[in-house]
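Within every chain, numbering begins at 1; the chains are lettered A, B, ... in the order of the sequence lines, protein sequences first and strands thereafter. These numbers come from the heavy atoms of this one structure, side chains and all, not from hydrogens, waters or symmetry mates.
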Amino acid sequence: MSERRKQYPFDIIEPKWQNHWDSNNTFKSLNPEDEGFDPNAPKYYALDMFPYPSGQGLHVGHPEGYTATDILCRYKRMLGFNVLHPMGWDAFGLPAEQYAIEHGIHPRETTEKNVTYFKEQLKSIGFSYDWDREINTTDPDYYKWTQWIFLKLYNSYFDKDENAATPIEKLIEKRIADLPDETEEERRNYIDSQRLAYIDEVAVNWCQELGTVLANEEVVDGKSERGGHPVERKPMRQWMLRITEYGDRLIDELDNLDWPEGIKALQRNWIGRSEGADVHFELPGTGEKITVFTTRPDTLFGATYMVLAPEHPLVDQITSEDQISAVNEYRDKVTSKSDLERTDLAKEKTGVFTGGYAVNPINGEDVPIWIADYVLMTYGTGAIMAVPAHDERDFEFAKQFEIDIKTVVQSDTGETHDESICFTGEGIAINSPLIDGLKTKDAKKTVTNWLSDNGFGNKSVNFKLRDWLFSRQRYWGEPFPIVWDKQGNHHPLSTSELPLVAPDLEDFKPTGDAKPPLSKAVDWISYKDEFIRETNTMPQWAGSCWYYLRYCDPKNSEQFISKEADNYWMNVDLYVGGTEHAVLHLLYSRFWHKVLNDLGYVSTNEPFQKLINQGMILGEDGQKMSKSRGNVINPDVVIKEYGADSLRLYEMFMGPLEQVKPWSNKGVEGVHRFLARVWRLFMENTQEGTWEITPQIVDIRPDKKQMKVLHETIKKVTTDIESMDFNTAIAQMMVFTNAFTGAEQRPLSAMKTFLTLLNPFAPHITEELYTILANNFPDKCDSSELSVSTWPNYDEKHLIEDEIEIVVQVNGKLRDKTTINKDASEQDIKDQCQNLEKIKPFIDGLTIRKIIVVPGKLVNLVAN
RNA sequence: GCUCACGUGGCGGAAUUGGUAGACGCGCUAGAUUCAGGUUCUAGUCGACGCAAGUCGGUGAAGGUUCAAGUCCUUUCGUGAGCACCA
């Protein structure tokens, strides 16, 4: 292709218009307080997931979502919307730092370089971003506010009555009123234990290779998500964010969001809410009790044993003399195994009997207590009541160790299963005096009420979601605005001390133990009056949790977002990005947003009203693109050979946005040919090899047929953009082009409208052609540029034909077609169809039972 | 194992929401233009039978509902994604 003559001069046109947009600030959007702001214009906020500026530059997956939002934004502008369409950089994080460590270059330098490259690439695709709103998470003016929000989390607690984050002062007041006599230290411990940002000693995912702890979400199959390095469990003191308090709201408030159901399901699943009951089993003679969580309190009569997690604190107390050695041996075996190995041996259940017994509160029976690693200390209470007849795991365990199995539920259909089958469904309670004959739903309620009335338990809700481990032992992240006193108490910095900038380190390598790299900055660490600074940094997610807010008011030095900007722009009308962020980023953002909303800093409860996930683009071989497979498509190369308009158009023409689909270079050529055909619809090549406008373009009225195609195209493109079916919108524009290519005379008005329709998809070529039209028909072309012109309307009257073609079926089979006047009565249609020559043989000798007429479409003669 | 998506030509994909299956593009075939290649233009392109008009079959498979099913229901097979002892 590079050898070939260019089919149209995109290499000249595209940079020309990109420079034009840049120097004219064509796509600048105004805030309410700005001069020239139109208070009557509706707003539209379309957001792309901002990229991590890696050293490799853009891949073809990036422009997929970006083109989709860009088309919508250009379209909405033409409809008169005030459009917010910003771009920025999620530039903190591991890869830059790893690169820095390996090459001895400061991550700030590589980040800057990468950002420059990314920006240049994005500009070469012709996106209509308002670059004045560009943000960078590593910019102190930005992360000042990330740190500020952290302080808000630190200085808040979750008020269960309000079901909302509340300033910590309120809790302190309440505590002083309730317990005026407690010591300063006691009170501090209590308050600190309630903060939304708190310190906890937890078993964390420590990755030796990366020298940091990782969030649960960053660990996949026992390995780090980035790099695939081994991860081990290790208890460490870490900053945590109390996201679990928001479990209910994060689930319930998904309902009103216009998100793909699959993504909502993923989030619900991740949060993992289950409703049930806590049940206390007494340990005779000790005064102690074991509390279990169950979602099936109705099966309490079928509990034939209990299981504690091997790490459960009561294990030592309940273990009988003769079982001590067996229990200890088992515990040693389990703790020496990594999480991965522990789940690996899930195929066969293991465990040992402790020798202890507890009392089942509902029937007073003694229940043997076992320990087994299929019970996790981190979920529920770390202990379960085992009902082998109605739980697969318990069933497997009971069979293995020959423990009693007692059936207490029969299925609705009345079948009673014997002990050889495990029935986990709902049904009717049996062998359970209190609830015999009750349906599972009612039985649950009855048992739960009985438990709480008698002090043996209560209704309870559990989440799979864990609190968010928020500190990292890395250099390239936001430092915590926290200092420590000599007694080991933490104190927040005042907001006036923000941003807290990390010192420039010569050596920012991980220390190899739990000490963060910042601990090497001896001068920086020591704060006044013998306080020392926190040396952990925040995870990469921090900056991306709120960037969409900053775009609304990116230069504000007084607030992270002004009330006016928040009220006007939020929330995000359309958020487009990859599924890889379905859980983490979207969950974290929603959490922060809700806290900020509770505290009155933002007016909306949810940040992203509508969400679309673009599907991954595979290589030409149908495999995931990767360097090692050598199937990576570089957008720069595509632009060089075919132009940015072709890249944009192809990305949209490949198929539905949300679908996974393979790249095809032939396909790019196809859309490129289409654009060349569009070009030649307007231009012809002269003897000298230059282009000039074709004389076929004339200022005449389109004929009826042309009018129909034109208005069909307006309609289809408009509705398809609204529903984000860009591939079919493009197909319709191809139909238009095919229809007009053969025309001797091409009516100016139709051609102008067509350029407007194509403009959001292929902005460069259309602007260029429009300029040429405007130069040749100066009194017929009104606005100076398509980007600031008005979207056309279609008129239904041009879509209707006088004669309609109707399909004639006999017994549902297509037999003939006939044309009929659009005003024909139903009876006329029926008569005409029955008398068709081709139809007669099919109904000859048969009785017509019924004639079905679908107006304007088809007639079906039912005969036998 | 569980949950959710999706199965339509040689390929990417269309199909008013139950109403002409295969729009549009790629690829392929033939013709025109060209010294030639490329480009461009025209025509054809689901399968079987047929010179043709046409007939029959056809949306992973099997049933069902309906005048009418790619579309709705039941069962089943396959592919992809997510979760994975969450009590």
Side-chain angles (χ1 to χ4, degrees), chain A residues 1 3-5 7 221 260-266 268-270 272-274 276 292-296 299 307 309 342-343 345-347 349 372-376 378-387 390-394 396-397 424 462-466 579 582-583 615-616 622 649-650 653-656 658-671 673-674 676-677 680 685 716 719 725 727-735 737-738 741-742 805-817 838 849-864:
Chain A
M1 173 72 187
E3 297 299 310
R4 274 186 245 143
R5 218 170 53 224
Q7 292 203 37
D221 290 336
E261 275 312 312
I263 301 297
K264 288 191 187 182
L266 279 179
R268 287 195 191 101
N269 193 354
W270 189 266
R273 174 168 64 190
S274 38
V292 304
F293 171 72
T294 178
T295 55
R296 291 296 298 269
T299 62
V307 186
R342 223 169 126 163
T343 43
L345 81 219
K347 282 164 195 100
K349 293 266 181 295
D373 68 355
Y374 82 91
V375 172
L376 309 173
T378 46
Y379 184 76
T381 59
I384 62 157
M385 63 178 213
V387 186
H390 306 288
D391 181 284
E392 290 283 359
R393 298 150 299 181
D394 299 344
E396 227 178 277
F397 190 85
T424 58
N462 259 288
F463 294 94
K464 272 203 289 192
L465 183 69
R466 292 288 110 81
T579 343
V583 205
M616 205 192 337
L649 212 57
Y650 178 65
F653 188 62
M654 294 173 81
E658 304 196 59
Q659 197 165 302
V660 178
K661 44 212 176 286
W663 186 269
S664 155
N665 277 323
K666 287 286 186 191
V668 186
E669 281 181 37
V671 293
R673 266 201 291 270
F674 162 66
R677 278 160 66 90
R680 290 194 308 270
N685 216 336
K716 184 99 180 110
T719 54
D725 295 313
N727 54 332
T728 49
I730 295 166
Q732 181 60 36
M733 290 190 277
M734 289 172 170
V735 170
T737 306
N738 293 344
T741 297
E805 191 182 55
I806 286 214
V807 171
V808 186
Q809 298 180 334
V810 176
N811 290 331
K813 284 200 168 157
L814 175 69
R815 293 304 177 191
D816 198 10
K817 295 174 189 177
K838 280 189 188 163
R849 299 276 172 206
K850 204 168 163 189
I851 302 178
I852 285 142
V853 179
V854 181
K857 275 256 164 234
L858 113 177
V859 170
N860 190 9
L861 306 171
V862 185
N864 61 7

Minimum-distance pair of heavy atoms, taken over all atoms of [X] and [Y]:
X        : Y        : result
A:Val387 : A:Asp394 : N-OD2, 2.9 Å
A:Ala372 : A:Phe397 : CB-CE1, 3.7 Å
A:Gly615 : A:Lys661 : O-NZ, 4.2 Å
A:Ile263 : A:Thr579 : CD1-CG2, 3.7 Å
A:Tyr379 : A:Ser274 : OH-OG, 2.8 Å

From [options], pick the nucleotide closest to the side chain of [X]?
X        : options             : result
A:Arg673 : B:C26, B:C83, B:C67 : B:C26
A:Lys661 : B:G19, B:G13, B:C24 : B:G13
A:Val807 : B:C26, B:A23, B:U20 : B:U20
A:Val862 : B:C83, B:C67, B:G25 : B:C67

- Item | Euclidean distance for C1', B:U8 against B:C24 (whole angstrom) |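 Looking at atom C1' only, B:U8 and B:C24 are 16 Å apart.
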- Message: Roughly how many Å apart are B:C11 and B:C28, using the C1' atom of each and rounding to a whole number?
- Response: 11 Å
Checking all strands, does [X] fall into the base, sugar-phosphate, or nothing category for heavy-atom contacts under 4.0 angstrom?
X        : value
A:Thr579 : nothing
A:Asn727 : sugar-phosphate
A:Val854 : base
A:Arg815 : sugar-phosphate

- Query: Is there a donor on the side chain of A:Lys349 or the base of B:C85 sitting less than 3.5 Å from an acceptor on the other?
  - Reply: yes
With a 3.5 Å limit on both atom pairs, tell me what [N] is paired to, counting Watson-Crick and G-U wobble, or say none.
N     : answer
B:A69 : none
B:G22 : none
B:G82 : B:C2
B:A36 : none
B:A48 : B:U55
B:G31 : B:C41

